[in-house]
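Inspection log for the structure reproduced underneath, given as structure tokens.
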Amino acid sequence: MAYKSNKEYRQQIKESLNDAFLQKAMSNFTGNFPKSREKAFEGKNIDSLIEEISLIKKASVFQMSELYTRFKKIAESNGVKVYLAKDSHEANRIIGSIASENGVKNIIKSKSMTSEEIHLNKYLIGEGLNVVETDLGEWIIQLRGEGPSHMVMPAIHLSKEQVADNFSEVTKQKQPNDIDRLVKVARHELRQKFIDAEMGITGANIAIAETGTITLVTNEGNARLTSTLPKIHVALIGLEKLVPSIEDALKIINILPKNATGQNITSYVTWITGRNENKLTPDGRSIYHIVFLDNGRSSLSKDPVFSEILHCIRCGACANVCPVYGAIGGHKMGHTYIGPVGLVLTYFYHGVENARHLVDNCINCQACAKICASRINLPDLIKEVQIKVKESDNGLDPSKMVGRLMKNRKLFHSFLKAARIGQKPFKGDGQFLRHLPNLFFIKDQSFKTLPALAPIALRDEWEKIAPTILNPALKVGIFAGCLHDFVYPEQVKATLHLFAEHKIAVDFPKGQNCCGLPLLMNGDKKNTKAIVRQNVKAFARDYDYILTLCASCASFLKEGYPKLVTGDGPVKEFSSRIIDFSSFLNDVIKVDPQEKTNKKAAYHAPCHLCRGLNVTKAPRELIGKAGYEYVPTDTEETCCGFGGTYSMKFPEISGQRMNKKLDSAKNAGVDVYVTDCPGCIMQLRGGADKRNDSFSVIHIAELFKKQEKDD
Amino acid sequence: MIVPEFIKNACKVSSHVSVFENTSKALAYISEFMANGDYKSIAIPDLTDEENKTFTEILSNQSIQLYKSSLRKIASNIQVGITKAQLGIAETGTLVINSNNEDVRLASMLSDIHFALLKTNTIVAKSSDIVNDLREMFKNQNNYTAFITGPSRTADIERVLSIGVHGPLELYILLIEN
Ligand code: SF4
Ligand code: SF4
């Protein structure tokens, strides 16, 4: 549905957050999924399997129209009628006329997201036809008049009690709240529908151009019945499902169920070529039509940025790991296609009106990109859609003003300093953060306390505190990022003695600005690029490393900059010198173990460190080296819900995610909750403070703070 | 190694697997199964005439209806179905059943209990080993090939696994050694 405002959308979100069953279902599901997936891929090289899929899909999408021509030719020589529908309207009309020309009254369907995309059922029912979904989950939501809340498990948001109510109504007798019983009710009710139907509509997971074969991947067996019992079979297929060869299809089948549900393979994989035997027709063969759907796919396939979204094989895994999906479920995270991929597809298949506000609902945690079966860079595409949506807005965008302000570093920094004077004291009433680009968005942050700006910014103190090193072994430039410069300078200061001890020269170039990520998150590419230039210029000195204690800055400076400003020598060179704090301390300095404490520490892996930069070992080793006992927790790599401006736009989700993290640290009974990103610290420390948790939230650097003698 | 691997993986997805010296012994096993379960009807669309004869003899002391074709007419009434699998894939415990024949499809889809006969020497290690077989099959003007791995299943209600939603409730794989 289209949300009129962020406020209206948030209202809807609150409903999901208050739905106790949904919350339980989501947390069980998202908690179990990673383990079952890992098991399914045991002994296999996931990365190389994913790489293969990504290459196959890339090549296929690139030659989509040729593949269509090849498919059509061979399928038609086999007696199949093949159509290409340019949009939903045309696809619906084609399928409607196949039905009317053949005197069809009853239609059965097996699961097809493509048919959901074009709202086929609604159309056919409007034409006076009986349409029955036969996938159990799809049938349930059809009975309830709902859309799917997951691409693979459409009824995941419902309880057995709700299903029993619907089944009682259909069968006109009370059905028990027993899942096995309910499944048998569906078997019995639907069996007769299969027998009565004159037409069966399926989708297809794959269409193989070389042989004109379609492939259906199911567990229930309903697609087999749908394509066998009625005399007419119509397959509705998105053009992007075409691949050149059988080899390609087998590779997709090898990964799809594993990534989707952690199953090695589904119960059924059905390969249909040509018109198969069907004793109901005069010539003894099925009447078989294939409708390919374009609906924007052809032009998408030529888009240099967005063609990637057509590489999707609809495994649904991106939703399974998305913290936003886990918080609110599918109905509130997509129009028809849901989850991370749904945020992008909604814009292209269902228009800007349906995508506005919805597409802002991404914390940029990178979890979806990491799990994607086809290695689609979903967070970047979501970002690009946000930009497109903003561009289509005529109204004044406050974030643009922020962009202009931030681009002017001196003005921006004096603005911050002026803000400091006006702010109220840290632990008092009504504390608030006058901070950075969020300047104009701070609202509804009651789930956490917010820090104050530091009395003296790091940049203003630097001359006084910088260690003097003669004949240094290494030269390092510190990139502080806004949070370490203006809010938490003590986290940087905690490490300065280490530089002296290891004879490392350390410098703070004053020309540095914000890393620019918050601006890009607001869709302001132009001003972000200007900031990139400023920072690259500021660090054009002979530093061996550019060190930052902020995981988000590190990942953006290292991975984001060269992507944003492509083919630029100085930018590449700048990015290649970026290093995060944990890697620097553990792998470059190789810091010595400190004396053991008897304290326990849990670790929160910042999204931008563990997924953005693939740094996972160093911080955990450092906890041990700092003399703390590292206690693993199950939510270690899930997002804390901060996401910069995200926590201002979607405070309810942000707070819920934060509480899950804090709960796991609490249950682990630790003394400190350690992380290496000041953004995560702002979120988690603020939350722990508000909740009166007994552990403290600190930066990993602070574990190495020089102890005062009388401490 | 391939056969034990096949058996292990098929069992993991709730298929029942047994090994027989020859088809007659497998058919005798089915007969016993029918007697124990008090089943009255069985579809046998792709048994050869000879196998058919053997089976009829084995079943002679039971009153069981055999259906060879036109299964549509008894669609809601197929208790047990026997079909042959052309290939097996060890890595996933999968049967490959060429089911161009409508009755073969119906026997393996509509029956409550599905028996599949598979020769052990047709089992391959992984799906990529049968690319050429598939290519041969799909070259035909029409082809309907099924990979079947375990009974029909769903987890659509509360993600609880439940067996036998639309297809067979149970899958018996009878491996034939020679
Ligand atoms: S980046 Fe994270 S929050 Fe955004 S869509 Fe992907 S998984 Fe969800
Ligand atoms: S975007 Fe990737 S993870 Fe998401 S459904 Fe598509 S293939 Fe699967």
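In what follows, chains carry the letters A, B, and so on, assigned in the order in which the sequence lines appear, proteins first and then strands, with residues in each chain numbered from 1.
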Sidechain-backbone polar pair: A/Asn222 side chain, A/Ser110 backbone, donor-acceptor under 3.5 Å | no
State whether the side chain of B/Ser152 and the backbone N or O of B/His166 hold a donor-acceptor pair below 3.5 Å, judged by distance alone.
-> yes
Proximal component of [X], with respect to chain B [non-hydrogen, under 4.5 Å]:
| X | result |
| --- | --- |
| A/Thr261 | neither |
| A/Tyr288 | neither |
| A/Glu210 | side chain |
| A/Val152 | backbone |
| A/Arg191 | side chain |
| A/Thr213 | side chain |
| A/Asn32 | side chain |
| A/Ile253 | neither |

Closest-packed option against chain B by number of heavy-atom pairs under 4.5 Å, given [options]:
| options | answer |
| --- | --- |
| A/Gly212, A/Gly221, A/Gly137, A/Ser245 | A/Gly137 |
| A/His150, A/Arg285, A/Met153, A/Glu138 | A/Arg285 |
| A/Ile156, A/Val163, A/Leu136 | A/Leu136 |
| A/Leu225, A/Asn264, A/Ile195 | A/Leu225 |
| A/Thr134, A/Asn254, A/Thr218, A/Ile74 | A/Thr134 |

Would you indicate whether the side-chain heavy atoms of [Y] and [X] approach each other to under 4.5 Å?
| X | Y | answer |
| --- | --- | --- |
| B/Asn101 | A/Glu277 | yes |
| B/Thr94 | B/Ser127 | no |
| A/Glu146 | A/Leu158 | yes |
| A/Glu161 | B/Glu158 | yes |
| B/Phe20 | B/Leu175 | no |

Counting heavy-atom pairs closer than 4.5 Å to chain A, which one of [options] comes out on top?
| options | value |
| --- | --- |
| B/Ala155, B/Gly164, B/Ser15 | B/Gly164 |
| B/Leu106, B/Val13, B/Leu169 | B/Leu169 |
| B/Ile97, B/Asn100, B/Ile163 | B/Asn100 |

Let me know if [X] has heavy atoms under 4.5 Å from chain A in its side chain, its backbone, both or neither.
| X | answer |
| --- | --- |
| B/Pro168 | both |
| B/Arg159 | side chain |
| B/Ser108 | both |
| B/Leu95 | neither |

Answer yes when [X] and [Y] have at least one side-chain N-carboxylate O distance shorter than 4.0 Å, and no when they do not.
| X | Y | value |
| --- | --- | --- |
| A/Asp248 | A/Lys251 | no |
| A/Lys39 | A/Glu42 | no |
| A/Arg187 | B/Asp112 | yes |

Would you give the length of the straight line joining atom [atom1] of [X] to atom [atom2] of [Y], rounded to the nearest 0.5 angstrom?
| X | Y | atom1 | atom2 | value |
| --- | --- | --- | --- | --- |
| B/Leu110 | B/Arg105 | CG | CZ | 11.0 Å |
| B/Ile148 | B/Thr83 | CD1 | OG1 | 6.5 Å |
| B/Ile30 | B/Ile44 | CD1 | CD1 | 10.0 Å |

In terms of the angle between their ring planes, are B/Phe115 and B/Tyr29 parallel, tilted or perpendicular, with boundaries placed at 30° and 60°?
-> perpendicular
A/Thr215-A/Asn205 side chain donor-acceptor pair, cut-off 3.5 Å = no
Checking A/Asp135, A/Val183, A/Ile141 against B/Asp156 for side-chain contact (heavy atoms from CB on, under 4.5 Å), the one that qualifies is A/Asp135
Within residues 132-141 of chain B, which positions have a heavy-atom distance to chain A below 4.5 Å?
-> B/Leu134, B/Arg135, B/Phe138, B/Asn140, B/Gln141
